[in-house]
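Proteins get letters first, then strands, A, B, ... in listed order; numbering begins at 1 in each.
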Amino acid sequence: MAIQFYNTLTKKKEEFAPQEKGVVRMYNCGPTVYSYPHIGNFRAFVFADVLRRYLEYRGFDVKQVMNITDVGHITHDADEGEDKMELQAKKEKRDPWQIAAHYGGIFLDLRKQLGFADALAHPKATDHIPEMLAMIEKLIEKGHAYVVGHNVYYSVASFPNYGKLSGNITEDLEAGARIEPHPDKKDPRDFALWKHDPHHVMQWDSPWGKGFPGWHIECSAMSMKYLGETLDIHTGGEDNIFPHHECEIAQSEAANGKLFCKMWMHARFLLVDGQKMSKSLGNFYTVEDVFKHGVTAPALRWGLATSHYRQQMNFSWESMQVAQGSVDKLIEFRRRLSDAHGAATLELVKPIVEKARKDFERGMDDDLNVSEATAALFTLAREVNRLDPNPQAAAFVRDAFDKLDTVFNIGSALPDVFTPEEQRLLDARAAARASKNWDDSDRLRKELEAKGVLVEDSPRGQRPRRARK
RNA sequence: GCGCGGAUGCCAGAGAGGCUCAAUGGCUCGGUCCGCAAAACCGAAGUGCAGUGGUUCGAAUCCACUUCCGCGCUCCA
C-alpha cells in the first residue's frame, strides 16, 4: 500500500510521491527563539521528527531542514509593535543576539534530550540576510514587490493564487475586520519583505537602507538555499497556515515561477484542559516543567507523538502518566527479549512479528495513524511475552522491534547503567538471596530503590533496572 | 460573519457500510507464577458509538437537521 498523507493544500489525503525517487526534501517551520519552548511547540516538532523517521524507516533519504527564527517577528502587525526578541532582551537586560543564542541553544539541547534525529541543517535567519535580500530584489524585478521609502512590500494582488492554502480570500478577511488600511501599502493584504525602523536593534544594510527582514521571507529564502525551489513536504503548526505559509507560497512561487511545495502538513494545537495553552491562562508548560514532574523524555516524546497530529490533543498530567506507563511497558518488553530463556521457537514467533510489522506499517502509511501503529507494538509485546521465546527467537523479535522503534524512538535499546556503589549493593543482594537471607535481601532492595534502582526477582536471579524518573 | 475539525465503553483513543455487538493502552476484580515484592501472562466486569430523522438487506461508519465543544481568520508550533 502506498503512503498517504493529508495535504492541507488540497484538503484531502494524497499518495505521497517525492519529486526525486527515494529522496524527500522536507522543511519544518521551527521555533522563534525568544523564550523557553513549551510542549505545544514541541508537539509540532515531535510530529516532524516522527514523520521524518517513518519516511526513513520506509527507505527514503530524508533531507530535513528546520529553521531557527532569531529575528524579525513583531508582536502585533508587520509594521507596528515590538520585536519579540527585543522585548525579551529588554526584560533580561541583554541584547537580542544573546537572547537568540541562549534560547536557540536550549532548543537544540532539548531536541537532543527528546531523541530527535539530526536535521540536515538548522539555518538561522540572521545568517541568511544576503539570501533574503536577493530574493526580495528578484521579487521587485518581477513586479511582485514595491518599495515605499525604506520599506519593501509584497504585492498580494500580483499573485492570483494567494489564498490557495488557507482558503482565505480578501472579502472574508475584511469581514473579520482585522485588516486595517496602512498608509504605505497599496493593498491591505500586502505584507512587509523589508522593514526600516531606527529603533530596531538588529539591523542590516540593504539597497533600501538599513533595516531588517519581514516576517515570512526567511523560510522562502532558506528552504530554497538548502532544499531547492520545490519542496516535497513542508510542515508547521496549524497557526502557520495563515498568514505565514500562505505568504511563503506567494513569495517563493512568484520569485521562482515554480511550485513551492507539493505536500503541506500541519499539526494541530495542543490544548490544556480543553483550552489553548496560553500564558494568560497559566496553563503553559515548558519541557522542563514536564521533566520536573518526573516524566521522562521518552514518555514526553511518546505522549506527544501518539495522538494523531491532525487531532487536537488535550494535555494533562494524567495523559503524561499514561504515556509513561506505555513507554515503560515497551521498554520492559525490550529488556525481556535480551534476557529470554523460554522455549518458543523462531518459527512460532515469526508470523507474530510479520503481522505486527504489517499492521504497524498499514497504520503509519495511512496519514500517520499512530494509534493503529502503537496498537501493533502492544499486541506484538503481549503475544511474544505469552509465547516466551527461546534466545534465538527473542533475538529475532528484538531486531524487528528495534527497527520499528526507530520511528517513535523511545530508546528502548539503551542499557541501564549502575554506579559502582549500586553494583556493590546488587552483588550483596544476590549473595543474600543465594543464602535465602530474605531480610537482608528486602532491605537491600529498599536501599536500591531509594537510589532509583528497581530490582525484580526471577527464577534465574535478580533483574535490576533503573527507575524511569 | 467566513473557514476548519470534533462528540465512541470508567478514562485515553482507533475503527469510516457487513470480517468490529467496537482495536490498543489504562483502571477494577479474580487467577497463574512466586520467599516477599514487581514484572509477565490468563480470565472477568462494564458500554453500544451526542440527539433526531433518513438512505440501505445491513450504519460509529453515508445523508439531513439539531445540540454541544475546540481551532483559524496577520502574537503563536
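Of the residues near RNA chain B, Arg43(A) and Glu383(A), the one whose nearest nucleotide (by heavy atom distance) lies more toward the 5' end is Glu383(A). Between His308(A) and Asp190(A), the one whose closest nucleotide on RNA chain B sits nearer the 5' end is His308(A).
At the phosphate of A40(B), neither OP1 nor OP2 sits under 4.0 Å from any side-chain N or O atom of Asn385(A). In this model, the phosphate group of G25(B) is approached by a side-chain N or O of Arg382(A) to a distance below 4.0 Å at OP1 or OP2. The phosphate of U24(B) has neither OP1 nor OP2 within less than 4.0 Å of any side-chain N or O from Trp302(A).
Rounded to whole Å, the C1' atom of C65(B) lies 36 Å from the corresponding atom of U74(B). Here, G18(B) and C62(B) have their P atoms 12 Å apart, quoted to the whole Å. Taking atom C1' in both C33(B) and C27(B), one finds a spacing of 23 Å when rounded to whole Å. Rounded to whole Å, the C1' atom of G9(B) lies 14 Å from the corresponding atom of A50(B). Comparing the P positions of A77(B) and G30(B) gives an interatomic distance of 50 Å, to the nearest angstrom. Taking the P atom of each, C57(B) and C49(B) are spaced 22 Å apart, rounded to whole Å. Across the P atoms, G5(B) and C41(B) are found 39 Å apart, a figure rounded to whole Å. A distance of about 27 Å separates the C1' atoms of C68(B) and C76(B), rounded to the whole Å.
Side-chain N/O atoms of Asn67(A) and Glu218(A) include a donor and acceptor closer than 3.5 Å.
With His216(A) as the partner, the ring pair (Phe, Tyr, Trp, His ring centres under 6.0 Å) test is satisfied by one option alone out of Phe242(A), Phe191(A), Phe260(A), Trp194(A): Phe191(A).
At a threshold of 4.5 Å between non-hydrogen side-chain atoms, the residues His196(A) and Phe212(A) do not count as touching. Annotation: side chain of Leu108(A) is in contact with side chain of His122(A) (closest heavy-atom distance under 4.5 Å). Between Tyr36(A) and Phe107(A), the closest side-chain pair of non-hydrogen atoms is not below 4.5 Å.
Judged by distance alone with a 3.5 Å cut-off, a donor-acceptor contact links the side chain of Asp457(A) to the base of C36(B). With hydrogens and angles left out, the side chain of Asp442(A) and the base of G35(B) share a donor-acceptor pair within 3.5 Å.
The two residues Leu139(A) and Gln251(A) make their nearest non-hydrogen contact at CD2-O, 3.6 Å.
Put simply, CG on Leu444(A) is 14 Å from C1' on A37(B), counting in whole angstrom units. Here the C1' atom of nucleotide C73(B) and the CG atom of Leu165(A) are 13 Å apart, to the nearest Å. Residue Phe315(A) contributes atom CZ, which lies 15 Å from atom C1' of A77(B) at whole-angstrom precision. Going from atom NZ of Lys329(A) over to atom P of U24(B) covers 11 Å, rounded to whole Å. Going from atom CD1 of Ile39(A) over to atom P of C76(B) covers 19 Å, rounded to whole Å. Straight-line distance from the OH atom of Tyr309(A) to the P atom of A14(B): 13 Å, rounded to whole Å. The interatomic distance linking His122(A) (NE2) with A77(B) (P) rounds to 16 Å, in whole Å. Here the P atom of nucleotide C4(B) and the CG atom of Asn240(A) are 20 Å apart, to the nearest Å.
Base contact: Val455(A) has a heavy atom under 4.0 Å from a base atom. Within 4.0 Å (heavy atoms only), Ile241(A) reaches no atom of the nucleic acid at all. Residue Glu238(A) is in sugar-phosphate contact alone, with no base atom involved, counting any heavy-atom pair closer than 4.0 Å across all strands shown. Residue-level contact check: Phe378(A) touches the backbone only, with heavy atoms under 4.0 Å from sugar-phosphate atoms and none from bases. Ser316(A) comes within 4.0 angstrom of no nucleic acid atom, judged by non-hydrogen atoms across all strands. Residue Gly236(A) is classed as a sugar-phosphate contact, given heavy-atom separations below 4.0 Å to backbone atoms only. Among the atoms of the strands shown, only primed sugar atoms or phosphate atoms (P, OP1, OP2) are found under 4.0 Å from some heavy atom of Glu318(A). Base engagement by His38(A) is indicated by at least one non-hydrogen atom pair under 4.0 Å involving a base atom. Residue Arg460(A) is classed as having no contact, given no heavy-atom separation below 4.0 Å to the nucleic acid.
Checking U74(B) for Watson-Crick or G-U wobble geometry (two distances, each under 3.5 Å) identifies no partner in any strand. Remark: U55(B) base-pairs with no nucleotide in the shown strands. Criterion, Watson-Crick or G-U wobble with two distances under 3.5 Å. Both distances falling under 3.5 Å, in either a Watson-Crick or a G-U wobble arrangement, occur for no nucleotide opposite G17(B). Look at G35(B): it lacks any Watson-Crick or wobble partner with both distances under 3.5 angstrom. Nucleotide G25(B): paired with C11(B) (Watson-Crick or G-U wobble, both distances less than 3.5 Å).
Stacking of Lys12(A) on the aromatic ring of Tyr6(A) is not recorded, the 6.0 Å distance cut-off and the 45° axial limit not both being met. Both cation-pi conditions hold for Arg301(A) and Phe116(A): the charged atom is under 6.0 angstrom from the six-membered ring centre and inside a 45 degree cone around its axis. In this structure, Lys186(A) is not positioned above the aromatic face of Tyr153(A) in the sense of NZ or CZ being under 6.0 Å from the six-membered ring centre and within 45° of the axis.
Applying the side-chain contact (heavy atoms from CB on, under 4.5 Å) criterion to Ala157(A), with sequence neighbours excluded, gives Ser155(A), Asp187(A), Arg189(A).
Listed nucleotides U74(B), A38(B), C36(B) differ in distance to Arg189(A); the shortest reach to its side chain belongs to U74(B). Closest to the side chain of Arg465(A), from the set A37(B), A38(B), G6(B), is A38(B). Counting only heavy atoms from C-beta on, Asn41(A) has its side chain closest to C76(B) among C71(B), C76(B), G35(B). Which of A77(B), U74(B), C71(B) sits closest to the side chain of Arg268(A) comes down to C71(B). Of the candidates A23(B), C42(B), A14(B), the closest approach to any side-chain atom of Ala375(A) belongs to A23(B). Listed candidates were G35(B), A39(B), G25(B). Nearest to the side chain of Ser326(A) is G25(B). When distances are taken from the side chain of Glu456(A) to each of G35(B), C76(B), A39(B), the shortest belongs to A39(B). Considering only side-chain atoms of Glu372(A), the nucleotide from A77(B), G15(B), C36(B) that sits closest is G15(B). Closest to the Ser371(A) side chain, of the nucleotides G35(B), G13(B), A37(B), is G13(B).
Against the 90° criterion about 0, the sugar-base torsion of A44(B) places it in the anti range.
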